[in-house]
Amino acid sequence: MPSTITAKIGDTLCGLAMEAGFLDCKPIRDLAENQGKEFLTRPLAPGDEVVIPDLVMAVLDKAAEVLHEFVKKSAPPVFIRFVHGSRTKPYRLDDTLTFLNVSNFVTDRAGRTETAAWVGDGHRAFDANADADVDSFKVEVVDPRTSSADLPVELDVLQPTFGPTGDITGHTEFPGDRATAGTQRNRRSLDATASKQKSTRCFRTCYLRLVVDDEDKAARPTQTLLVSDDVRAGGDDRIEILDQQVRATYILTDCPASAASRCRVTATVPVGDDAEQRRLRIALHVLRSAPGGAPVVPMADVRSRVRKWVRRYYAQANVAPSIITEAEVDPPDDMLVVSERQGNLAAGDESMSFRLRATRADGTVIAAEIRNPITPGGASAADPPYRPAAGDRPTDTADALADRIRAAGFTATVTRNVQLVPNIGRPADIVIHDPGGGGVAIEALVSTGTRQLLSSVSVNPAAIVQTDGLDFNTGSSDHRCLMRNFDTGDDRLDMFIIGNHAGGRTGQGIMPLTYVPAAKRPETVLRRNCFCIAAAADATDTFPMLAAHEGGHAVMDVDHTADGTQLMMGRAGPEPVTNTTGGPKRLADRPIVHDGAGMVADIHVNLVQRLRTHSGGAVVPW
């Protein structure tokens, strides 16, 4: 009597038929109870009710007490899976991959140090150099019935679907037709060939890799599968690389159904290990070109940049950016520095004076002279300037000036900076605010003397002062002014978009420097901040690596490496303007030598692990 089976994920009509003792699905397709059902013209779906016919036993006339050999033509069952391959295990004992990672390797390179060429798509056996990339994979098909030496395999990337609250509800193909060039689905598909492995019933493809951009895809189009964002293509910018899936399909070549309806076996795995995925918390600050003016670049463009390029490069480490706050900010004019880039003690011949002015939202203007007397409301312009005593440290002078600023009705916060890199002293910063919320300006500053000078900071977004060999551990005075005004915390990456640096530098990252002497480590408010020029954050793709590179300094706490393929490449040349296969965009999942920031010996760092574990709370579970 026929029986009814409810299909599960991965079931096929041929597979159900084989389990019931038939050679293929023809008996099921021919059965009257199944006529007119949708699954006869489409892949079997979970929940489909399939009627299985009775198996008719054949009686064979064979001699008694003689050993006869019978071969079950449907064993083992047809199936498909993802594997990496092994130099020691038999094919059937290889581990099944339950997820696929974006490769950290240069697309056409292989070997432990990526100095060997990656074997081509015609090589479908083990290769030691290709095996060194643990993120490479193959698709394996087992089909006991076929007489072919090669079998076709289809690979497709699936995008997440979202419910009303933004939760992922499932996965589906990208838009477009798989066979139509240029469509999103076509870009994210691959037709591969699986070849018979020795005398087994096992068929395997060549070595394959997941890549995140068209440049890497073009480098090996028959061996790479594109798992990328859809930001600039007008797609949903919520679609994370690490929320996508990869599906492999084998259409049974001898299924008796018509070509469009043939049984197919599939295997689907996520991109990235769900248990290991992390998010990097980012606070965006875009400078306005002038107080109350337009931003140096629209926030929407900055957001798009982060969700495209930072998302792509950090996917190698199973990390995705998460923008937690964003704000346009006026360029501040509210910080004084005592002995910038020197940290000198006072000689005793110095004199200092200046005027403060604040304009409030209602148009009210308040002003005060800051000179020697500590006078409520501010000193008189006729009063003598402030004179530090011989031997006063920068913080002594800053504290004395701060007392006078507070007496004039403003607030003042004094910070003693860490030791400058060549051990020449510690400057002091004074950040001044108006309790009434007005924008502060420092005017008519006069500072004379031989050793300890006072300077004001007026941030010009088009010409930000950049660091030099003295202050890269703290940032320049302009950098510090921005950080002291707008830093939002140490448990995220604060990313500042400026117009340009005065010296032409494209970016700057302020590292925690946990591996250098404590006296030179920046204070909390200066850590995990980075600065990128507007050209690296606009609607083009110029300087695509910059935000990820400078953010890498701040979050991974590393300086540069001499390897020009790595995201944290050295100072040998300018920041690359375009994205290329051999360019600096890889995060090696092995120790790489990095500079010791000029203060300690070179350090060996695994950037993947560094990004995931060394962020001080900026990188959090998914």
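Numbers here simply count residues along the sequence, with the first being 1.
Residues Asp121 and Thr222 bring a donor and an acceptor atom of their side chains to less than 3.5 Å of each other. Between the side chains of Glu154 and Ser189, not a single donor N or O lies within less than 3.5 Å of an accepting N or O. Residues Ser195 and Arg124 have side chains that bring a donor and an acceptor to within less than 3.5 angstrom of each other. Side-chain atoms of Thr561 and Asp563 include no donor-acceptor pair closer than 3.5 Å. There is no side-chain donor-acceptor pair under 3.5 Å between Asp487 and His285. Thr193 and Asp150 are not linked by any side-chain donor-acceptor pair at a separation below 3.5 angstrom, with hydrogens and angles left out of the test. When only modelled atom types and interatomic distance are considered, Asp589 and Asn606 share a side-chain donor-acceptor pair under 3.5 Å.
Closest approach of Val558 and Leu607 over heavy atoms only: CG2-CD2, 4.0 Å.
Within 6.0 Å of CZ in Arg178 there are more than 12 heavy atoms belonging to other residues, nucleotides or ligands.
Proximity of Ile239 to Val231: side-chain heavy atoms (C-beta onward) are nowhere separated by under 4.5 Å. Here the side chains of Ile498 and Pro461 are not in contact, with every heavy-atom distance at 4.5 Å or above. Residues Met495 and Asn529 have side chains not in contact (no heavy-atom distance under 4.5 Å, counting atoms from C-beta outward). With contacts defined as side-chain heavy-atom distances shorter than 4.5 Å, the pair Val555/Leu611 qualifies. The shortest side-chain heavy-atom distance between Leu513 and Pro522 falls under the 4.5 Å cut-off. In this structure, Phe79 and Val265 have side chains that are not in contact, with every pair of non-hydrogen atoms separated by 4.5 Å or more.
Every pair passing salt bridge (Lys or Arg N to Asp or Glu O under 4.0 Å) that includes a residue from residues 612-622 is listed here, sequence neighbours excluded: Glu276-Arg612.
Residue Val212 forms a side chain to side chain contact (heavy atoms under 4.5 Å, CB included) with just one option from Val102, Leu226, Val271, and that option is Val102. Exactly one residue among Lys308, Arg303, Arg307 makes a side-chain hydrogen bond (donor to acceptor under 3.5 Å, both in side chains) with Asp237. That residue is Arg307.
Judged by distance alone, with hydrogens and angles left aside, the side-chain atoms of Lys217 form a donor-acceptor pair with the main-chain N or O of Thr224 at under 3.5 Å. The closest donor-acceptor contact from the side chain of Tyr250 to the backbone of Pro152 lies at 3.5 Å or more, if one exists at all. Checked by atom type and distance alone, the side chain of Asp557 pairs as donor or acceptor with a backbone atom of Thr514 at under 3.5 Å.
Asp94 has a carboxylate O that lies under 4.0 Å from a charged side-chain N of Arg204, or vice versa, which qualifies the two as a salt bridge. A salt bridge links Arg528 with Asp490: at least one charged nitrogen is closer than 4.0 Å to a carboxylate oxygen. Salt-bridge formation is detected for the pair Glu114/Arg590: a Lys NZ or Arg NE/NH1/NH2 atom is positioned less than 4.0 Å from an Asp or Glu carboxylate oxygen. A salt bridge links Asp213 with Lys585; the closest basic N to acidic carboxylate O contact falls under 4.0 Å. Contact check on Arg281 versus Asp494 returns no salt bridge, with no Lys/Arg side-chain nitrogen under 4.0 Å from an Asp/Glu carboxylate oxygen. The pair Asp229-Arg312 meets the salt-bridge criterion, with a side-chain N (NZ, NE, NH1 or NH2) lying under 4.0 Å from an Asp/Glu carboxylate O.
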* To do: Verify side chain to side chain contact (heavy atoms under 4.5 Å, CB included) between Leu100 and Asp135, making sure each step is shown before the conclusion.
  => CA-CA 7 Å; Leu100 301 177; Asp135 297 328; over 6 Å; no
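Residues passing the side-chain contact (heavy atoms from CB on, under 4.5 Å) test with Thr180 are Asp177, Thr183, sequence neighbours excluded.
In this structure, Arg279 forms a cation-pi arrangement with Trp622, its terminal cationic atom sitting closer than 6.0 Å to the ring centre and no more than 45° off the ring axis. Lys138 forms a cation-pi arrangement with Tyr207, by the criterion of a distance under 6.0 Å to the ring centre and an angle within 45° of the ring axis. Geometric assessment of Arg87 against the ring of Phe126 yields a negative cation-pi assignment under the 6.0 Å and 45° thresholds.
Below 30°, between 30° and 60°, or above 60°: for Phe531 and Phe496 the angle between ring planes is below 30°, a parallel geometry.
In summary, the aromatic rings of His594 and His604 are positioned with their centroids too far apart to meet the 6.0 Å limit.
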